[in-house]
Number of protein chains: 2
Amino acid sequence: MEANRPDTVTRILDVSERLFVEHGFEATSLRMITQQAEVNLAAVNYHFGSKDALFEAVFTRRLGPLIEACLAELDVLEGNKEGPTAEGLVMTFIRPCLSLSKDPARGGALFVRLLSRTLVENHRLLRESLSQQYSEFAQRYSVAFRQALPELSLETLSWRMHLAFGVMFNAFAGNDVLKIFMRSQIVSARDPEMIVKHLVPFVLAGLTSPVQE
Amino acid sequence: MEANRPDTVTRILDVSERLFVEHGFEATSLRMITQQAEVNLAAVNYHFGSKDALFEAVFTRRLGPLIEACLAELDVLEGNKEGPTAEGLVMTFIRPCLSLSKDPARGGALFVRLLSRTLVENHRLLRESLSQQYSEFAQRYSVAFRQALPELSLETLSWRMHLAFGVMFNAFAGNDVLKIFMRSQIVSARDPEMIVKHLVPFVLAGLTSPVQE
DNA sequence: AGGTGTTTGAAACTTACGTTTTAATTTGAC
DNA sequence: GTCAAATTAAAACGTAAGTTTCAAACACCT
């Protein structure tokens, strides 16, 4: 057929990624996917086994490299003489997200939105398979943030990391709470450069704010 | 039958609220709802018309009062002589959320989670019906934050409000990004008092952080 | 008590879903 | 070119979904 038309598996993954983000897992039918991917209905079950397995495949295709990129950035940062700073740590997460968001070949910002959706939906995939698979990720960041912000108690630091990663994920996913209420939403809310420009100072301020007594 | 057993409509709403949060709109069937609510299957369509209308009813039952409570807090704050502070403004939103979260009779923290889920899922209900219905909410906060933080440019302020409301919603919804990766999640992540203790300083720091050049 | 409008109950209807099956087609090695 | 394996195509299967129907039960007013 055509030269640069991706193969069946890739076409299914690409279309699924987009549709899962747009409509969610449950509301996306295999017939929608196979129709838009221009493949036969049975192709999904043939190549992936089930709709659940397809979802996992869509997910792991992007998450693995993203985590790897963060860990690689952490390696570089920890190679420096002086210990990691909060800003340096935040950027080890921001940069891979930004890179992913700007690369259409890797799904652009789609995957971060999918990740965000899946998180909120509390999928069993995240609770079971992935949680222990990427436990190194959280472990490394926990240790590094303890070094970068030693003046914070363990409880406070855990909470701030929780809040910081939450707001970062949300920002990259383009989740705009205020858009429900506002007619004029932020026009640049999904421009990756703009995200970083405003997100990083916000997160850093929250992370490094002096503890209240 | 029993004395304090709520009527059919209320039982349906209560069960729906919980199930929509747990499984999402699409994955929650009317048969699940009517079974747990101990009402007939046809009762949903009789009282609400459709599953979509039921969802809207579940939603508006809580959102209206929550918005009203925020606006009432804003009224009080704006009645003071000196203009509103960022902290005062944040608290006008935090207090009603906290109050809702602590009140089981009003669904406790369930509704905030439903709101968060619905936001991320980008339901048409939020895009269409509710957006203009509660536009006063965003309008009032926009004006008030402009007064409280006059040194920020309009762009920066919009972004910070966007990020601040995002992290506040997320915190109250108990969305824990790191829980995918960590075995030991924050145990207190859904204790309302703990949320406020750590959330408010974080958000305030982000909102009032000096602008970078 | 009788009668009217409202609510509930049980069943069926239509549709769409994920999956399976079987045959046709294509691919790749010898 | 041939044959076996892998892939695609088309159709059907069983199930569960939202909705509708219609009769029975209930509530309320005079």
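Numbers restart at 1 for each chain; the letters A, B, ... are given by sequence-line order, proteins then strands. We use all heavy atoms of the structure for the numbers below, so side chains are in, but hydrogens, waters and symmetry mates are not.
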Open item on the list: Evaluate B/Arg5 against B/Glu38 for salt bridge (Lys or Arg N to Asp or Glu O under 4.0 Å), listing each step before the verdict.
Closed with: CA-CA 11 Å; B/Arg5 193 191 201 204; B/Glu38 298 178 74; 3.5 Å; yes
- [ ] Assess whether side-chain hydrogen bond (donor to acceptor under 3.5 Å, both in side chains) is satisfied between B/Glu155 and A/His198, documenting all intermediate values.
- [x] CA-CA 9 Å; B/Glu155 179 194 302; A/His198 292 99; 3.1 Å; yes
Open item on the list: The test is salt bridge (Lys or Arg N to Asp or Glu O under 4.0 Å); show your working for A/Arg18 and A/Glu22 and say whether it passes.
Closed with: CA-CA 6 Å; A/Arg18 181 168 49 79; A/Glu22 283 177 16; 3.8 Å; yes
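Under a 4.0 Å N-O distance rule, the pair A/Asp103/A/Arg62 does not qualify as a salt bridge.
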- [ ] Would you mind building the protein contact string for nucleotides 13-19 of chain D? One character per nucleotide, 5' to 3', B for base within reach (heavy atoms under 4.0 Å), S for sugar-phosphate only, - for untouched.
- [x] ----BBB
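The separation between A/Ile12 atom CD1 and D/dT7 atom C1' is 11 Å, rounded to whole Å. Counting to the nearest Å, the P atom of D/dA9 and the CD atom of A/Gln35 are 14 Å from each other. With rounding to whole Å, B/Phe48 atom CZ is found 12 Å from C/dT7 atom P. Rounded to whole Å, the distance from CG on B/Asn40 to C1' on C/dT8 is 6 Å. Rounding to whole angstrom units, CZ of residue A/Arg11 and P of D/dT8 are separated by 8 Å.
For the pairing with B/Phe59, the ring pair (Phe, Tyr, Trp, His ring centres under 6.0 Å) check across B/Phe25, B/Phe111, B/Phe48 returns one residue only, B/Phe111.
For B/Phe93 and B/Phe169, the ring centers are positioned less than 6.0 Å apart.
For the OP1/OP2 pair of C/dT6 and a distance below 4.0 Å, the side-chain nitrogens and oxygens of B/His47 include no atom meeting the criterion.
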